[in-house]
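Working notes, beginning with the structure itself.
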Amino acid sequence: MLMPNKVKFRKAQRGKRRGVATKGNTLVFGDYGLQSMENTWVTARQIEAGRVAINRFCKRGGKLWIRLFPWKPVTDKPVEVRMGKGKGDPEYWVDVVRRGRIIFELEGVTEAIAKEAMRLAQQKFGFKTRFISRHK
């Protein structure tokens with residue numbers, strides 16, 4: 001599972017999820033990509049599930065770039081604990097993804113294989129994404 005080795009603060013505030021991605025919104029490394037169409041949090045589990053789906057379908061052919069990293073801790077209080085007594089402990093890690101951000105990039109495979117691999121990865125996310133290509 002992806003998570004940072006070291007963080008400056010153990011617990012982070014929730015922040016805002018509005019706006020459009022100004023960085024990380026163009027294909028830089030590969031020929032095909034998966035682009036977010038909504039503002040959301042992407043968990044480390046979702047990123048890993050998408051990566052596994054793409055690699056399995058491509059049979060380890062081509063090169064895959066993961067353009068996200070879960071740097072933000074999300075805290076949670078245990079079940080049936082009374083209110084108060086401070087903030088809960090970090091439970092999982094997320095990355096804040098804004099509309100237009102590239103999630104995965106892929107090269108070294110045909111467009112049909114890339115499109116199907118990205119479709120399988122899309123199903124691992126709970127938000128709208130689209131397949132993009134450098135050639136169009």
When the side chains of residues 30-38 are checked against the rest of the protein, which donor-acceptor pairs come out under 3.5 Å, sequence neighbours left out?
| from | atom 1 | to | atom 2 | distance (Å) |
| --- | --- | --- | --- | --- |
| Gln35 | OE1 | Arg130 | NE | 2.7 |
| Gln35 | OE1 | Arg130 | NH2 | 2.8 |
| Gln35 | NE2 | Gly100 | O | 2.9 |
| Ser36 | OG | Glu38 | N | 3.3 |
| Ser36 | OG | Glu38 | O | 2.7 |
| Glu38 | OE2 | Lys128 | N | 3.4 |

Worksheet item: Sub-3.5 Å donor-acceptor pair from the side chain of Glu105 to the main-chain atoms of Arg67, do we have one?
Response: no
Worksheet item: Does any N or O in the side chain of Lys23 come within less than 3.5 Å of the main-chain N or O of Arg101, such that one atom is a donor and the other an acceptor?
Response: no
Item to complete: Please lay out, stage by stage, how Glu48 and Arg45 fare under the test salt bridge (Lys or Arg N to Asp or Glu O under 4.0 Å).
Response: CA-CA 5 Å; Glu48 180 65 11; Arg45 287 176 182 270; over 6 Å; no
Pairs of donor and acceptor atoms involving the side chains of residues 4-18, under 3.5 Å and at least two apart or interchain, shall be tabulated with distances.
| from | atom 1 | to | atom 2 | distance (Å) |
| --- | --- | --- | --- | --- |
| Lys11 | NZ | Lys87 | O | 3.2 |
| Lys11 | NZ | Gly88 | O | 3.4 |

Identify the heavy atoms of [X] and [Y] that sit nearest to each other, and give their distance.
X      : Y      : result
Phe29  : Glu107 : O-OE1, 3.6 Å
Ala117 : Ile54  : O-CG1, 3.6 Å
Cys58  : Ile113 : SG-CG2, 4.0 Å
Asn25  : Ile102 : C-CG1, 3.8 Å
Leu27  : Ser133 : CD1-C, 3.8 Å

Check whether any side-chain heavy atom of [X] sits under 4.5 Å from a side-chain heavy atom of [Y], and report yes or no.
X      : Y     : answer
Thr43  : Trp93 : no
Phe127 : Val42 : yes
Val96  : Trp41 : yes
Thr22  : Val20 : no
Arg98  : Asn39 : yes

[X] side, atom [atom1]; [Y] side, atom [atom2] - distance, nearest 0.5 Å:
X      : Y      : atom1 : atom2 : answer
Gln122 : Glu116 : CD    : CD    : 10.0 Å
Phe104 : Arg51  : CZ    : CZ    : 8.5 Å
Asp95  : Trp71  : CG    : CH2   : 7.0 Å

Same cluster or not: are [X] and [Y] linked, directly or through other Ile, Leu, Val, Met, Phe, Trp or Tyr residues, by side-chain heavy atoms under 4.5 angstrom apart?
X      : Y      : value
Val52  : Leu68  : no
Leu64  : Leu2   : yes
Leu106 : Leu120 : yes

Item to complete: Show the numbers, then the answer: is there a side-chain contact (heavy atoms from CB on, under 4.5 Å) between Thr40 and Phe125?
Response: CA-CA 10 Å; Thr40 185; Phe125 301 115; over 6 Å; no
